[in-house]
2 protein chains.
Amino acid sequence: MTKYVYLFNEGNKDMRDILGGKGANLAEMVNMGLPVPNGFTVTTAACNLYYADGKVINEEVVKQIETVLEKLETLTGKKLGDEANPLLLSVRSGAPISMPGMMDTILNLGLNDKIASALSKDENSIRFIYDSYRRLIMMFADVVKGKGKEAFEKLIQDKKNARHVQMDIELTAEDMYDIAMESKKVYKKLTKENFPEDPKEQLLLAVQAVFQSWNTERAKIYREMNNISDSLGTAVNVQEMVYGNLSDDSLTGVAFSRNPANGDNKLYGEYLEKAQGEDIVSGVRTPKSIEAMQRDFPNIYKDLKDISKLLERHYKDMQDMEFTVEKGKLYMLQTRSGKRTTLAALKIATALVEEGLITKEEALMRVEPAKLDELLHPAFAKEALAKAPLITTGLPASPGAVTGKLYFTVKDVIAASNNGEKVILARTETSPEDIQGMNVAEGILTVRGGMTSHAAVVARGIGRCCVSGCHELFIDEANKTMTNGAKTYYEGEQISLDGTTGKVYEGEIVTEAVNISGDFEKFITWAKEVKKLGVKANADTKKEARTALEFGAEGIGLCRTEHMFFETEKIFAMRKMIVAKNTKEREKALQELLPMQRADFVQLFQVMNGKTVVIRYLDPPLHEFLPKTAEEINKLATALKITEDDLRETIDGLREFNPMMGHRGCRLAITYPEIVVMQTKAILEAAIIASKNGYVVKPELMLPLIGDKNEFTYLKEIIETTAQEIFKQNKLQLEYKIGSMIEVPRGAVLADEIAKEAEFFSFGTNDLTQMTYGFSRDDAGAFLKDYYDKGIFKKDPFKSLDEDGVGKLITVAAKLAHHTRPTIELGICGEHGGDPDSIAFCHKIGLNYVSCSPYRVPGAILAAAQVAIKERS
Amino acid sequence: MTKYVYLFNEGNKDMRDILGGKGANLAEMVNMGLPVPNGFTVTTAACNLYYADGKVINEEVVKQIETVLEKLETLTGKKLGDEANPLLLSVRSGAPISMPGMMDTILNLGLNDKIASALSKDENSIRFIYDSYRRLIMMFADVVKGKGKEAFEKLIQDKKNARHVQMDIELTAEDMYDIAMESKKVYKKLTKENFPEDPKEQLLLAVQAVFQSWNTERAKIYREMNNISDSLGTAVNVQEMVYGNLSDDSLTGVAFSRNPANGDNKLYGEYLEKAQGEDIVSGVRTPKSIEAMQRDFPNIYKDLKDISKLLERHYKDMQDMEFTVEKGKLYMLQTRSGKRTTLAALKIATALVEEGLITKEEALMRVEPAKLDELLHPAFAKEALAKAPLITTGLPASPGAVTGKLYFTVKDVIAASNNGEKVILARTETSPEDIQGMNVAEGILTVRGGMTSHAAVVARGIGRCCVSGCHELFIDEANKTMTNGAKTYYEGEQISLDGTTGKVYEGEIVTEAVNISGDFEKFITWAKEVKKLGVKANADTKKEARTALEFGAEGIGLCRTEHMFFETEKIFAMRKMIVAKNTKEREKALQELLPMQRADFVQLFQVMNGKTVVIRYLDPPLHEFLPKTAEEINKLATALKITEDDLRETIDGLREFNPMMGHRGCRLAITYPEIVVMQTKAILEAAIIASKNGYVVKPELMLPLIGDKNEFTYLKEIIETTAQEIFKQNKLQLEYKIGSMIEVPRGAVLADEIAKEAEFFSFGTNDLTQMTYGFSRDDAGAFLKDYYDKGIFKKDPFKSLDEDGVGKLITVAAKLAHHTRPTIELGICGEHGGDPDSIAFCHKIGLNYVSCSPYRVPGAILAAAQVAIKERS
């Protein structure tokens, strides 16, 4: 016969599946000899049987409950329904996985008129007894019958009005009696039934109510969202009541074995004297901090602290505990691993390793990789944040918490920054032109664009806070105002951006810095020891490269050369190159760019001394670089000695219908091989200079947007010819590699062919996602919201790699590439390189490395470590 | 020992690989007993040996040439180098595959000073002998030594000047002798060598020259372009001279066994009296038509005609023959299958079947499918065409030959058309808005866009002539002019477009209609009997559907519902739908569209009675439908009772960065399910009406741009719910299918998943090509030219399906789909559906049908038949 009901001492912490999380931990504490009120757990199997039987509690289950109840009565020396010595119970749900939306607690179960009356022989108890009784009736009506609490709470209010008092505590024993009796009438009115006076009937109804709560809408939606199986079922915990509200030396509280906010190894928590657990949750009275307990109840504090340490050592993790003290005696009601901030998670995990409680691998599994970058940026002070008026909520495009004055144009933002102001750049959307402005700004706000829009990608790259996709806002650039519909904000006003939550606030908000360098470095070092996947950074400048190194990057996986052109002087030379009417003019402009780019590369190679630097040839559509304002056009036309009309015609000619699918990537290089020649010179001459300066250089040259082997071969020949000339001129031969981005589906499908020529591949998952789905990241915002709302897509494929579609192409490509060239180095360098799920995928399919923006490097290292650890077990 | 040299009677027509095409056919004619001057062929193997030995004629080859030469001397009773009875020879190249750029003929080989002098004993021959001799010297200098003919031709001119005569014929025997002697001096001056007097040396040098000519630049480029292997090598044909210029009853000519222009079964050709073959080619004298021979040389005519019939029966194909008559005796110098127009090809093939010479299958292999649509359009009269001034050459986007008055805006073109003018619409590029204008125009000309640009696709769909991508032209729409740089063309001027060649001409050019209905239908019927692949048409209107049926379409494979909205009234309702601020407004606008679209579908179903009609839900980005001119905006704003500024803001909000990858296809349907509901109603209510009218309707509903099963499922549910309501209301249940376009790579990769829900797939190869390559057809023009020039791409992937990349995705998808749903119907409906290579590919991977524009249907049917025939053998 299946065992459906377990006394606490019959279970243990590993029986979570059948006893639920709460039941398993109660059992464990009982077996550890800790003071836990006695009780039993009805299993999840009983819940499943309940549904299998058509929502009826099986007779066998009823029988086992009765048998176990008798044992409990023996253990406690009390009896359910016994007027002389009644057993009073709490009933709580407890699923295998902690789940909101399930049934609330029912307390004081076992009371009825007769028992209440019998207990009332002690004069001092009357008020307490009937308060407990009326609470039972209210909870039953609410939780078991679904009729809510309002009608019952009104009885209290009416009574207080009648008595002209303010506080519940001012009501008398007689008042409480009246309210309990009125509650029964209200119960009958609402439910068309009498309140069940039979304690056993109460118990079975409560158990059934817990089972029922497994299938509420809220619970079902939560499970669907979190991918939890409906077949798990919930357990029911039935436990003897203890009363934190019985006497002056009674109290109830919650405690953490360490500080869940900052990880300090110190008991943390709060409690209420003369109160039941629900009073803490309701927030009617303000609890005292655990320090007060140390002073006022030193013995209880010591017991609690000892138990806390015992549990922590036993569970090898920081514990979140509920406790009640009844007449000076401490009872533990629950323990579980506590939720904590990323900062606390990292500090606790590191400390537990040093305390010898867990291994480094276990520690590494305790921190969420995606949140690690929070620690690298300051955050808004919580209290200040609570008071700040919210302007709107957009997408958390790049983390950080910043305040600055609002400006709407790059020109204004630069001018204000030059005046020493802290500034925020707000744009409808950003284009590559805006990068100078983005660079001087504390943060960037955009109306359009998703998590991988231009603004978001650049901001993450340069470590600026960014909130994108604030669709509610309207920016009027002409009048330099911004409105959320309700209120208009003007140029120069202070606003604050939280790039971790996507929220935008009015005014200034103070921030708190995070200082965790010691633990952080230790932790990352452990992760590096364990992980197999390489982690490189996407970095375009010396500064970014330094940041990337500090954060643990093992090389640069993507240097976007076009980002190097966005300074005033360089963009001007670039523009001359683009509007050149013929090869000669173009080469002249390229000659101007050569020394600038070479100097940038020298710095990059020197910072990255000894590490690989993957440099991508010019990628974006040329027209992105073109001047837009009349002033810029005038300036460029003057410099080129052509008319503005001529220049405008050239610019018009470069216009594309679908720039994302236009003249970019290696296509530019094929049309204008002189660009490849110049860039090859800049890279390899820089490598030679750095090498002669004593640095070890490892350049890897990467061609973007390759979809056909012939494209690669054509350009490879140009690069090799140029390289040989440079080596000859400089009398120095350097090692370098030539590889290919794989970012159009055709490149993936023909990876075996391309691998004949390419020495490495880097999957550009941003573009590959766009092309595979056939939607551009800049336009998808218009409909993806509907996709999520209608449940068509569960997650953003630009954020987390689409393993089914895009991932299948990558897997196929990796297989084909390995077949042709077993030693080929494979990596990804899209935004997905920083996403833990995507990193796990890259590990599984055998890629060599991921590359992501510098601030995401630590998280990527951790994610790579976690997947390696998981694989081992 | 390998045999390197064959007497003609040792070979036959099947030895083309070693004897070359010409040699094999000469051998065949000898064996047929036809009058062919005797000779021998040096094999292609000897040529390969020549290169293998480092450009030296192998001794064994020389030995065999000598041996065979002796046999030839025996056969002819003449001897090479014999003064009394000299053997004179012609030497010609002859590769296994006919190839321009190879060596020209050397005639009169074997002459030298002594022999010429010996032959001159006959006074009457002197002039002829020295004319022949000086020609040999000139040809040797030109062909063997590469020194050209100019210096030798100057000798003739100088002599004529000295003699004050105009014509060669006026020069005397003595003059010819002088010129021959001078030629030898010029030869020595140019080559630093004496002219080789030894006939055997002449022969070996000539053979070597033929071998050398296999590797000229021109020949190599031709082979590369036509994918001919370098290892084939060329053969050399050495043949006894016959002289068409020896006497008054000598002549030379070329003839076709039937008319190669129109296929008439009548000897066709031309000849020159007293001439050598080269005189016909050079065009100095105007040849006489073969009819003149019938009158002037009836016996020769009869012989030639008999031989022509004999050869045609023997080769089972129309023959292209060269012949020479020496002193009244006819000699055949060459025969081969003749080149012919598509019209002639079709008529000849059909006739040969009826004459019992070839099977239907053989006939079907004789016509080029891609050219079949030429027969469906009138063509410019050749003579008129030759005189027409060319404006520019663009891409042959949609066939036809039309003349009309030039207009630059849709408004102007419609107005002029209403005035009864024949008009041509010239635009920088077209957008869906222009379709009304395209519809009334004779032809469309665009500056931008490739073979699959909007203009090209629409024009082919509606059977309008179109020349796209005329990059040399600049259209000034404001001033209503067009210039090619040299000349400006104004509104209202007559121009002519040839959509088959891509040429644009000034003025009017008369056209010739083609009338071949009887043979054409017979031919298509045969093709249908043989082919396995279904051929459907892309058709959006009743008119197109009728055309498609006439041309043999078996159903509509793609009805683009958005094309139905392009009439004034409909586009206006459509616009109201798009700018609707909420679902209610949108539904109201859709209600206006419903009856219009339903009426269109009723017509379509009735025309297609009994055949499947695949209808695609709304596909293009909505903003394509929006008004652009101030006038249109004003009209729409007025109708909607909103301000123009409001409307402009809405239009701005719909702007996309990459419309091709934006809010279109099923994404529209998911955001606005009310569109799907309206279209489902329009289709199924129309089906019910047609059905009640007694027609058999087979609607297949197709969702575009599906990349995820959930997209399909979501919409399928809406369609099915709507369908059930309609059937209930109308008390009639109809069969219908719901299927998916596969046109984004993700759809292909996840075809197994999507096939769980979809009853059919149609591969949209236009979009699939764009997404797989990652370039849009409208933007690729800017760089694809460089790709072709640099040999990176060999063919246009938008024209002929890229089997390696896109084809691989389709193959995988077909396999996955069949795995999930073995009965799934698979087709393609991109532009590739009309391309013979792509059709062969679709056949091979087991698709069920292709669908293409109506005018390409016959070609598609033929291509499908050809691949089926090839597969059998």
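Note that these values count all heavy atoms, side chains included, but never hydrogens, waters or copies made by symmetry. Throughout, protein chains are lettered first and strands after them, A, B, ... in sequence-line order, and every chain is numbered starting at 1.
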Quiz item: Have A/S838 and A/H832 got a donor and an acceptor in their side chains that come within less than 3.5 Å?
Solution: no
Quiz item: Once you round to the nearest 0.5 Å, how far does CG of B/D796 lie from NZ of B/K785?
Solution: 14.0 Å
Quiz item: B/R664 versus chain A, heavy atoms under 4.5 Å apart: side chain, backbone, both or neither?
Solution: neither
Exercise. Name the region of A/E429, side chain, backbone, both or neither, that has any atom closer than 4.5 Å to a heavy atom of chain B.
Key: side chain
Practice problem: Examine whether an atom of B/D802 lies under 4.5 Å from a heavy atom of chain A, and if so say whether it belongs to the side chain, the backbone or both; otherwise answer neither. | Solution: side chain
Self-check item: B/F657 portion near chain A, given a 4.5 angstrom heavy-atom threshold
Solution: both
Exercise. Please state whether the side chain, the backbone, both or neither of A/Y773 comes within less than 4.5 Å of a heavy atom of chain B.
Key: both
Quiz prompt | Portion of B/D708 that has a non-hydrogen atom of chain A nearer than 4.5 angstrom | solution = side chain
Self-check item: Top of B/D767, B/D789, B/I670 for chain A proximity - count of heavy-atom pairs under 4.5 angstrom
Solution: B/I670
Quiz item: If only atom types and distance count, is the side chain of A/T650 paired as donor or acceptor with the main-chain N or O of A/D646 below 3.5 Å?
Solution: yes
Practice problem: Heavy atoms only: give me the nearest A/L705-A/E743 pair and the separation to one decimal. | Solution: N-OE2, 2.6 Å
Quiz item: Of all heavy-atom pairs between B/F798 and B/A780, which one has the smallest distance, and what is that distance?
Solution: CE1-CB, 4.4 Å
Quiz item: Do you know which of A/L750, A/V806, A/L668 has the most heavy-atom pairs under 4.5 Å to chain B?
Solution: A/L750
Self-check item: Options A/G805, A/G665, A/G774, ranked by heavy-atom pairs under 4.5 Å with chain B, top entry
Solution: A/G774
Quiz item: Relative to chain B, which of A/K790, A/Q770, A/E656 shows the most heavy atom pairs under 4.5 Å?
Solution: A/K790
Practice problem: May I ask you to name which of B/R746, B/M660, B/K709, B/R448 has the most heavy-atom pairs under 4.5 Å with chain A? | Solution: B/R746
Exercise. Describe, in one word, how the ring planes of B/Y672 and B/H663 are oriented to each other, choosing from parallel (under 30°), tilted (30 to 60°) and perpendicular (over 60°).
Key: tilted
Practice problem: Determine the minimum heavy-atom distance between A/T769 and A/P797, stating which atoms define it. | Solution: CG2-O, 3.7 Å
Quiz prompt | Interface residue of largest heavy-atom contact number with chain A, from B/G747, B/P659, B/G662, under 4.5 Å | solution = B/P659
Exercise. Could you tell me which of A/L784, A/I792, A/V749, A/L654 has the largest number of non-hydrogen atom pairs under 4.5 Å with chain B?
Key: A/I792
Practice problem: May I ask you to name which of A/G707, A/S776, A/G791 has the most heavy-atom pairs under 4.5 Å with chain B? | Solution: A/S776
Exercise. Classify the ring geometry between A/F793 and A/Y787 as parallel (under 30°), tilted (30 to 60°) or perpendicular (over 60°).
Key: perpendicular
Quiz prompt | Exercise: identify the closest heavy-atom pair between B/E757 and B/K716 | solution = O-NZ, 2.9 Å
